[in-house]
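A short worksheet on the structure shown next.
Numbered from 1 within each chain, the chains take letters A, B, ... in sequence-line order.
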There are 2 protein chains.
Amino acid sequence: MSDERPEPGTVRPGGRTAKTREAVLRAAGDALAEDGFDRLDLAEIARRAGVGKTTVYRRWGTVPGLVADLLNEMAADSLPRTETGSLLGDLTAQARLVQSTLSDPRQGPLFKALITAASCDPQTADALHRFYDTRTEEWAPCVTAAIERGEIPAGTSPTELIRAVSAPLYYRLLITGDPIDGAAADRAAQAAVTAAKAGAFA
Amino acid sequence: MSDERPEPGTVRPGGRTAKTREAVLRAAGDALAEDGFDRLDLAEIARRAGVGKTTVYRRWGTVPGLVADLLNEMAADSLPRTETGSLLGDLTAQARLVQSTLSDPRQGPLFKALITAASCDPQTADALHRFYDTRTEEWAPCVTAAIERGEIPAGTSPTELIRAVSAPLYYRLLITGDPIDGAAADRAAQAAVTAAKAGAFA
DNA sequence: CTCATAACGGGACTCCAGTTGCATTAAAGG
DNA sequence: CCTTTAATGCAACTGGAGTCCCGTTATGAG
């Protein structure tokens, strides 16, 4: 082992260190959204953040390491979940939320870059998995509530159903490049709910 | 303009040039599958292919350019399509094919790397879109046949339905990292067919 | 307040991915 | 077979991403 980084900033996380981390992560997010994962220059990020490039290299080391930290930061702040009273209403709200995020001119490229970074580095991949596990768990109550209401079979897997809603939208983002519009979101939610009612996720 | 590459190999595509292209593309595929997109070294690919690194830089220029050419090559050879007589049978076969490809120790990492490369470069993204358009069109007859048999509504979009089968599997590959097993494939096909019969893709 | 030291900043340095120049090989056309 | 020149190979070169050294700043503990 011994390729352990002492994880600087953990011993003295006060004022200056926190400000540096915040500034660098914000700059990293901007740069990822604008330029994409592969064109990322840590020196450029340092410049944007008003920080010495040595600091960035010392604390995060590599681009994937920095992205992983950004993902951990993003996993911290959670999103509000809608409760409409019907499974279709809830999952349509979820699909619309994903749709507006992925089609946003800043967030869309950012998420694409995050996923790209994760596919290049195991540490970043772990961070990405945790991020989406968190997001998935936030929406799981919609599914369990629908089960209690008797809308869908008892054995339905919340995880599988929630992901079935997102999957077609991410497929467009990453693979086909088709526009991610409201119609696509509604279709994704409708298809997932229909399949769930027929017991496809049980 | 003027950053146009004269596309070497188009004027004299005979013996040596063809052999070089073949060897380099094979080496590139191997390297992508083993090391991933970001750790790709064109000099290493040249060495594997038994070719001077100058040749690789001159003909393809950048890593994304090389990947784009590889994708164009891959789009050329098509896969056999199964015809089982029922929509569920056909789409299950499709899902199983995708599943076995993505869970293959060589093909899985390769496809992940190809998608990663596409998200970093517009030219490669175009090549990827063409590749999947080709694949989608190959399976479209299954859907139109199902429409003629009256299994699903007349207005059903073949493209949307075909993609709905693949999407959950790619979501696992790229985002959650969960294993892509036969159960996931069958579930994807079952869910897509159920939703299609209810008119979710019409 | 004072001290020890974690964290930062600037700049010099290293190393290798990518470029360039030129000689060599071999397609394509006659 | 001979000629032309596209395509390749080798080796020297270059630029910038990433590293290292050391002086400076400011955090947290006593």
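dC16(C) atom P lies 17 Å from atom CZ of R39(B), rounded to whole Å. Between W60(B) atom CH2 and dT8(D) atom C1' there is a gap of 12 Å when expressed in whole angstrom units. Between K19(A) atom NZ and dC8(C) atom P there is a gap of 13 Å when expressed in whole angstrom units. Here the C1' atom of nucleotide dA23(C) and the CZ atom of R58(B) are 12 Å apart, to the nearest Å. In this structure, CZ of R47(A) is placed 15 Å from P of dG16(D), rounded to the nearest angstrom.
Inspection of the Y132(A) and Y170(A) side chains reveals an N or O donor paired with an N or O acceptor under 3.5 Å. No side-chain N or O of E138(A) forms a donor-acceptor pair with one of T134(A) less than 3.5 Å apart.
Judged by distance alone, the side chain of S166(A) and the main-chain N or O of R163(A) form no donor-acceptor pair under 3.5 Å. Of the possible donor and acceptor atoms, none in the side chain of R172(A) sits under 3.5 Å from a partner among the backbone N and O of D181(A).
Of the candidates dG9(C), dT8(D), dG18(C), dG18(C) carries the atom nearest the K53(B) side chain, counting heavy atoms from C-beta on. Of the candidates dA17(C), dT8(D), dC22(D), dA17(C) carries the atom nearest the D41(B) side chain, counting heavy atoms from C-beta on. Counting only heavy atoms from C-beta on, T55(B) has its side chain closest to dT8(D) among dG18(C), dT8(D), dC8(C).
OP1 or OP2 of dT8(D) has at least one side-chain nitrogen or oxygen of R59(B) nearer than 4.0 Å. For Y57(A), a side-chain nitrogen or oxygen approaches OP1 or OP2 of dG18(D) to under 4.0 Å. Taking 4.0 angstrom as the limit, T20(B) places a side-chain polar atom (N or O) nearer than this to OP1 or OP2 of dT8(D).
If you find the closest nucleotide of DNA chain D to T54(A) and to A43(A), the one lying nearer the 5' end belongs to A43(A).
Here the two rings, on F37(B) and F37(A), have centers that are 6.0 Å apart or farther.
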Report each atom pair, protein N/O against N/O of nucleotides 25-27 of chain C, whose distance is under 3.5 angstrom.
| unit_1 | atom_1 | unit_2 | atom_2 | d |
| --- | --- | --- | --- | --- |
| dT25(C) | O2 | R16(B) | NH2 | 3.3 |
| dA27(C) | N3 | R12(B) | NH1 | 3.1 |
| dA27(C) | N3 | R12(B) | NH2 | 3.3 |

*Let me see the working for L42(A) and T62(A) under side-chain contact (heavy atoms from CB on, under 4.5 Å), right down to the final yes or no.*
CA-CA 8 Å; L42(A) 291 195; T62(A) 64; 5.8 Å; no
_Working note: L70(A) + L114(A), criterion side-chain contact (heavy atoms from CB on, under 4.5 Å); need CA distance, chi angles, decisive distance, verdict._
CA-CA 9 Å; L70(A) 177 61; L114(A) 293 171; 4.2 Å; yes
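A distance of 10.5 Å separates CD of Q190(B) from CG of L91(B), quoted to the nearest 0.5 Å.
Each of L97(B), L174(B), L169(B) was scored for a side chain to side chain contact (heavy atoms under 4.5 Å, CB included) with L102(B), with one residue passing: L169(B).
Taking the C1' atoms of five terminal pairs at each end of the helix from dC1(C)-dG30(D) to dG30(C)-dC1(D), the two resulting helix axes are inclined by 50°, rounded to 10°.
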